[in-house]
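The block underneath contains the structure these notes are about, expressed in structure tokens.
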There are 2 protein chains.
Amino acid sequence: MKTKECKIPEATIKRLSTYINCLERLQVENHPVISSELLGEYCQVSPAQIRKDLSYFGEFGVRGVGYDTKKLEAEIKEILGLNNNWPTCVVGVGKLGLALLNFALFRKHGFSITAAFDSDPAKVGTELSAGITIQPTTEIEQTVTGKKILIGIITTPADAAQKVAEQLVAGGIQGLLNFAPTKVKVPEEITLRNVSITSELDNLAYLMTQKRRRS
Amino acid sequence: MKTKECKIPEATIKRLSTYINCLERLQVENHPVISSELLGEYCQVSPAQIRKDLSYFGEFGVRGVGYDTKKLEAEIKEILGLNNNWPTCVVGVGKLGLALLNFALFRKHGFSITAAFDSDPAKVGTELSAGITIQPTTEIEQTVTGKKILIGIITTPADAAQKVAEQLVAGGIQGLLNFAPTKVKVPEEITLRNVSITSELDNLAYLMTQKRRRS
DNA sequence: CCATCAATGTGATAACTCTCACAGAGTTGT
DNA sequence: ACAACTCTGTGAGAGTTATCACATTGATGG
Ligand SMILES: NC(=O)c1ccc[n+]([C@@H]2O[C@H](COP(=O)([O-])OP(=O)(O)OC[C@H]3O[C@@H](n4cnc5c(N)ncnc54)[C@H](O)[C@@H]3O)[C@@H](O)[C@H]2O)c1
Ligand SMILES: NC(=O)c1ccc[n+]([C@@H]2O[C@H](COP(=O)([O-])OP(=O)(O)OC[C@H]3O[C@@H](n4cnc5c(N)ncnc54)[C@H](O)[C@@H]3O)[C@@H](O)[C@H]2O)c1
């Protein structure tokens, strides 16, 4: 795998992630090989876009034939770093945190959730399905350090997010995925992504409103 | 509110949604007025970007002063169409579906979830907190039509997503938010957004891998 | 072994999005 | 009433991302 340049569009990375899901399904459906044309139809991306996305990282297809689904999936996982094992923890075991804790696809992408934290005394001590016990937030720092956890998922209410982020950073976390509807601030060396599910719905409402106004 | 042109960047819409959350917090923290500079710091967007985003839709600030937080929030909600009431339903009341059903921020943005469906006979009939009872999927079409539901949220496993989408469309749905890791196909007149939480984590892994390789 | 064919990989180009710098509107103080 | 000042709104330009068209490559079959 060669990485020609450092300027890969963020949108490309997002698409690579969806290609994986398509490729997995294609294998189940007995397609050992697929063209960019057909893959594009599957995941609703133009064929040229797919080829361009892949060309940033190397040549993975066979001209005149297409891509080996199994091999391409492995290559993309390598590109994204999903062939590593990423020790991950969840802070805030509420409705959303519980959903994420039980989300099977995460494990398939290399993320293994090895700890869960909550501030609610009633929840602390609860053993979750995966053999993980909910720990108090006071143990965040030492557990993250001790278990060498690299990724932290924040699913606490908004007003707790900043403090939780700081505790995770103190423990030596390297990446944070924040679901709380507030932007947390962390040192520059920490990789941070804020996820806003609400904005997806808002966007839907906007598009629908546009259509309505136009007609 | 004037809409000068039709070509609003998607990124702008996404940011408008986050501005709302910031503006709400600013009001609670007793800031009746805010400059683009400070708002930018709050939601980690450059001041120029904020002004440009807003300028697509009109003039909302007072020169030399800034923006009225309360008024601006209302304006943005109007722009996004969040001042309407959006009757919404959830299909697939699993871990994620339940989290979304109980998510308070949705209601604040104008989305009122008025029905929930699941194919699991053990779940059908369960009364959820909001006074909503889980209905069988066979009732999707008639309920969507009867309750004039406009938005459908799909949180079923991937292999059920397409069929569910078709049932919702048959009932007259206008917008779909799909959380299943597969792209569903619907008629052009339906507004569709696919949400991929996995790709957010994948993206995080990619960024972290980049940093690691660089050093 | 060569001709034919299908689908990739990519440079050029078009489209889109963000950043910058500043003119000018409105406020505040004298 | 006027001057000094602050922060908005925006055109112009830089930078980024997607699309297009086609030359190129490797497979396939006679
Ligand atoms: N539920 C959703 O569908 C959804 C969607 C998008 C974003 N979010 C956001 O995700 C977060 C969690 O949502 P939820 O619906 O799961 O809420 P929830 O109330 O069900 O869960 C929050 C959990 O965080 C715990 N908590 C509170 N303070 C804490 C602290 N300081 N340290 C550790 N844990 C703490 C609570 O005990 C609770 O278990 C919220 O910020 C919400 O806005 C939720
Ligand atoms: N859990 C997460 O954190 C998460 C994150 C991102 C995406 N997703 C996706 O969201 C979807 C749901 O995830 P989950 O964790 O809630 O799974 P889940 O298994 O907890 O829930 C799925 C629910 O869908 C119901 N269902 C199955 N077939 C159905 C059908 N044909 N019609 C109606 N309902 C049906 C099931 O009975 C179940 O209640 C999956 O596609 C998953 O990939 C989940």
Side-chain angles (χ1 to χ4, degrees), chain A residues 1-19 22-23 26 31-69 71-72 75-76 79 199 203 206-207, chain B residues 1-19 23 26 31-69 71-72 75-76 79 199 203 206-207 210:
Chain A
M1 193 189 80
K2 63 178 171 180
T3 311
K4 289 176 183 174
E5 300 153 46
C6 300
K7 286 307 314 159
I8 312 295
E10 161 143 356
T12 290
I13 303 302
K14 188 162 189 172
R15 282 189 297 268
L16 287 180
S17 176
T18 70
Y19 299 159
C22 284
L23 290 167
L26 284 166
H31 288 82
V33 171
I34 193 156
S35 65
S36 61
E37 170 104 24
L38 206 51
L39 179 58
E41 202 166 303
Y42 252 71
C43 47
Q44 283 164 56
V45 175
S46 77
Q49 183 74 78
I50 292 179
R51 296 200 298 274
K52 175 66 89 179
D53 284 344
L54 296 174
S55 79
Y56 287 121
F57 301 97
E59 307 191 358
F60 306 109
V62 178
R63 292 175 187 224
V65 179
Y67 302 91
D68 180 306
T69 49
K71 241 171 58 186
L72 184 58
E75 291 278 15
I76 296 178
I79 291 166
S199 83
N203 210 313
Y206 170 73
L207 295 172
Chain B
M1 195 189 80
K2 64 178 171 180
T3 310
K4 290 175 182 175
E5 300 153 46
C6 300
K7 287 308 314 161
I8 313 294
E10 161 145 356
T12 290
I13 303 302
K14 189 163 188 171
R15 282 190 297 269
L16 287 180
S17 175
T18 70
Y19 299 160
L23 288 167
L26 283 165
H31 289 82
V33 172
I34 193 156
S35 66
S36 60
E37 171 104 25
L38 207 50
L39 180 57
E41 202 166 304
Y42 253 70
C43 47
Q44 285 164 56
V45 175
S46 76
Q49 182 74 78
I50 292 179
R51 295 200 298 274
K52 175 66 87 176
D53 284 343
L54 295 174
S55 78
Y56 287 121
F57 301 96
E59 307 192 357
F60 306 107
V62 179
R63 294 175 186 223
V65 179
Y67 302 92
D68 181 305
T69 49
K71 240 171 58 186
L72 184 57
E75 291 279 14
I76 295 178
I79 292 166
S199 84
N203 211 314
Y206 170 74
L207 294 172
Q210 283 299 98

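It should be emphasised that the depicted structure is a prediction, and the values quoted were computed from it without experimental measurement.
The shortest distance between the side-chain N/O atoms of A/Tyr67 and the OP1/OP2 oxygens of C/dG9 is below 4.0 Å. At C/dC18, one or more side-chain N or O atoms of B/Arg15 fall inside 4.0 Å of OP1 or OP2 (strictly under the cut-off).
Comparing D/dG9, C/dC18, C/dG11 by their closest approach to the side chain of B/Arg51 singles out D/dG9. With distances taken from any side-chain atom of A/Glu59 to the nucleotides D/dA18, C/dG9, D/dG9, the minimum falls on C/dG9.
For the segment residues 35-49 of chain B, residues with any heavy atom less than 4.0 angstrom from an atom of DNA chain D are, sorted by number, B/Ser35, B/Ser36.
Within 6.0 Å of the CD atom in B/Gln49, the count of heavy atoms belonging to other residues, nucleotides or ligands exceeds 12.
Mapped onto DNA chain D by nearest heavy atom, A/Asp53 and A/Val62 fall at different nucleotides, with A/Asp53 at the one closer to the 5' end.
With rounding to whole Å, B/Leu72 atom CG is found 14 Å from D/dG9 atom C1'.
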Please list, pair by pair, any protein nitrogen or oxygen found under 3.5 Å from a nitrogen or oxygen in nucleotides 23-25 of chain D.
from   : atom 1 : to      : atom 2 : distance (Å)
D/dT24 : O2     : A/Arg63 : NH1    : 2.7
D/dT25 : O4'    : A/Arg63 : NH1    : 3.4

Tell me, what's DNA chain D's dot-bracket, Watson-Crick or G-U with both distances under 3.5 Å, | for other-strand, [ ] crossing? ||||||||||||||||||||||||||||||
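With a 4.5 Å cut-off on side-chain heavy atoms, B/Tyr206 and A/Ser17 do not count as touching.
Under the 3.5 Å distance criterion, the side-chain polar atoms of A/Thr69 are matched with a main-chain donor or acceptor of A/His31.
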